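The structure appears right after this line, and notes come after that.
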Amino acid sequence: MKVFTQSVNFKVDGDLVKFIEKKVGSLEKFHDKIVDAEVFLKVQKTSDKENKVTEIKINIPGNELIVKKTTKTFEEGVSIGVESLKRQLKKSKEKQRGTLVS
C-alpha cells in the first residue's frame, strides 16, 4: 500500500514519515483491498498544547475511511487515528461479508 504524507506550513522530519508509513501500513492486515492512504499533518496556530492536527484517509474500492485527530504530537495523532481506522476497517469488512453471504 502506498502512503502519501502531506504537511501544511512545515517540513516533515524523515523519522516521522517512516513512523507514519509503518503505522498506517500496518492497516493492510485488517483489509486486503486498501488502495492507498493519505496522511495530512497541520499545526494549528493556537495557544493550546494540543495543536497538531492529523487526518488519515484510507481509500478502498467503493469507499473511503477518514479519521481526524487533534493531539499534542503527530505520533500520538497517527497512533490514535490508526486504532480508530482498524475498527472502521473491521466493520467495513464484516459489512462486506454480510452482503456477500445474504
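Computed from a predicted structure; not experimentally measured. This chain uses plain numbering: 1 for the first residue, then up along the sequence.
- We find the CD1-CG distance between Ile34 and Leu85 to be 8.5 Å, quoted to the nearest 0.5 Å.
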Please test Lys52 against Thr70 for side chain to side chain contact (heavy atoms under 4.5 Å, CB included), starting from the C-alpha separation and ending with a verdict.
-> CA-CA 5 Å; Lys52 311 289 189 299; Thr70 303; over 6 Å; no
Asn51 and Thr71: side chain to side chain contact (heavy atoms under 4.5 Å, CB included), yes or no, with the steps?
-> CA-CA 6 Å; Asn51 66 343; Thr71 55; over 6 Å; no
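- A side chain to side chain contact (heavy atoms under 4.5 Å, CB included) with Ser7 is found for one member of Leu16, Val39, Val12 and no other, namely Val12.
- Two residues are said to be in side-chain contact when any heavy atoms from C-beta on lie closer than 4.5 Å; Ser79 and Phe74 fail this criterion.
- Screening residues 58-67 for salt bridge (Lys or Arg N to Asp or Glu O under 4.0 Å), with sequence neighbours left out, gives Lys57-Glu64.
- Using a 4.5 Å cut-off on side-chain heavy atoms (C-beta onward), Lys69 and Val53 make no contact.
- A side chain to side chain contact (heavy atoms under 4.5 Å, CB included) with Val3 is found for one member of Val17, Asp36, Val24 and no other, namely Val24.
- Side-chain atoms of Lys86 and Leu27, non-hydrogen and from C-beta on, do get closer than 4.5 Å to each other.
- The shortest side-chain heavy-atom distance between Ile56 and Ile66 does not fall under the 4.5 Å cut-off.
- If you chain together hydrophobic residues whose side chains sit under 4.5 Å apart, Val82 and Met1 fall into the same group.
- With a 4.5 Å cut-off on side-chain heavy atoms, Leu41 and Val8 do not count as touching.
- Residue pairs meeting the side-chain hydrogen bond (donor to acceptor under 3.5 Å, both in side chains) criterion with at least one partner in residues 17-29, sequence neighbours excluded, do not occur; the list is empty.
- Rounding to the nearest 0.5 Å places CZ of Arg87 at 11.0 Å from CZ of Phe30.
- Cation-pi contact between Lys42 and Phe40: absent, since separation from the ring centre below 6.0 Å together with deviation from the ring axis within 45° is not met.
- Using a 4.5 Å cut-off on side-chain heavy atoms (C-beta onward), His31 and Ile60 make contact.
- Between Ile58 and Val35 there is no side-chain heavy-atom pair separated by less than 4.5 Å.
- Rounded to the nearest 0.5 angstrom, Glu38 CD and Lys2 NZ are separated by 12.0 Å.
- Contact of the Val43 side chain with the Phe10 side chain is registered, since non-hydrogen atoms from C-beta on lie closer than 4.5 Å.
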